[in-house]
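See below for the structure under consideration.
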Amino acid sequence: TGANYPLFSFMGDILPEIIQRHLQFQDQEDDEAREAVEAAARLRNVDIEISLHLMVGVHVRRTDFHQYSKNWMAELLNETFYLEAMSYLRTKYEAVTFLVVSDDQEWCRDHLQAEDVIVMTGHSPAVDLAIMAQCQAAIVDYGTFSVWGGILSQGEVLISKHTFRDARWAADYLGWTYI
């Protein structure tokens, strides 16, 4: 009870159809996300239309989750998880850019600094989710937003083995990689 997660054993087989028919962004949100991803690519001097460059959406939830999760998790994930996940993808793929969406952008700027990391700022949560949907892979932590960000990226998804149960259920069903 009290869970706020999709029941994948019920809808797993029709998940692509659910996404295609029911989980579409408003044109304005989709356009803003596309422009943000293209601007990030230009910052990295990458042509995402012709390049094999992997854009990775990274969701970092911090501000309210500790209070919410205190019964399930002793502490929030720290930078170790995100940096290990980024290192894994840098090793696996030749060229990557990490687009970080977060409710704590200052923490992300302080702890996730690297040449290939861009903290996305100034967007609504809907646009942040649309940014993740424009990416080809994702790094997610916990919560429904992260789960849907991973699903919508439609690529490889990395998740912490220390996440809470609802996110683990999604990760196990969808075959995500634990870090």
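One-based numbering along the sequence shown.
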Report yes if some heavy atom in the side chain of [X] is under 4.5 Å from a heavy atom in the side chain of [Y]; otherwise report no.
X      : Y      : answer
Glu32  : His123 : yes
Leu99  : Val101 : no
Lys161 : Ile179 : no
Phe98  : Asp116 : yes
Thr97  : His53  : yes
Leu89  : Leu158 : yes
Val100 : Met120 : no
Asp141 : Thr163 : no

Rounded to the nearest 0.5 Å, how far does [atom2] of [Y] lie from [atom1] of [X]?
X      : Y      : atom1 : atom2 : result
Trp148 : Met132 : CH2   : CE    : 13.0 Å
Gln105 : Leu112 : CD    : CG    : 12.0 Å
Ile131 : Leu152 : CD1   : CG    : 13.0 Å
Gln136 : Gln134 : CD    : CD    : 9.0 Å
Tyr142 : Ser160 : OH    : OG    : 8.5 Å
Phe25  : Leu23  : CZ    : CG    : 8.0 Å

Asp103 with Arg62: basic N within carboxylate O range, under 4.0 Å: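 No.
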
Main chain of [Y], side chain of [X]: is a donor-acceptor contact present, judged purely on distance under 3.5 Å?
X      : Y      : value
Glu156 : Ala137 : no
Ser146 : Val140 : no
Arg44  : Val96  : yes
Thr91  : Ser87  : yes
Glu29  : Gln26  : yes

Using the rule given for side-chain hydrogen bond (donor to acceptor under 3.5 Å, both in side chains), can you reason through Asp104 versus Ser102, listing the C-alpha separation, both sets of side-chain angles and the distance that settles it, and then say yes or no? CA-CA 5 Å; Asp104 193 348; Ser102 178; 5.8 Å; no

Within a reach of under 6.0 Å around CG of Asp27, are more than 12 heavy atoms found that belong to other residues, nucleotides or ligands?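 Atom CG in Asp27 is not packed in, count stays at 12 or less.
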
Exceeds 12 heavy-atom contacts within 6.0 angstrom, atom CD of Gln28: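 No, not enclosed.
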
Would a hydrophobic clustering, with Ile, Leu, Val, Met, Phe, Trp and Tyr connected at side-chain separations under 4.5 Å, put Leu43 with Val37?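 Yes; Val37 is reachable from Leu43 via cluster members.
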
Tell me whether the rings of His59 and Phe145 are parallel (<30°), tilted (30 to 60°) or perpendicular (>60°).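 It falls in the tilted class, 30° to 60°.
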
Could you pull out the closest heavy-atom pair between Val56 and Cys135, with the gap in Å?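 Closest approach of Val56 to Cys135: C-SG, 3.8 Å.
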
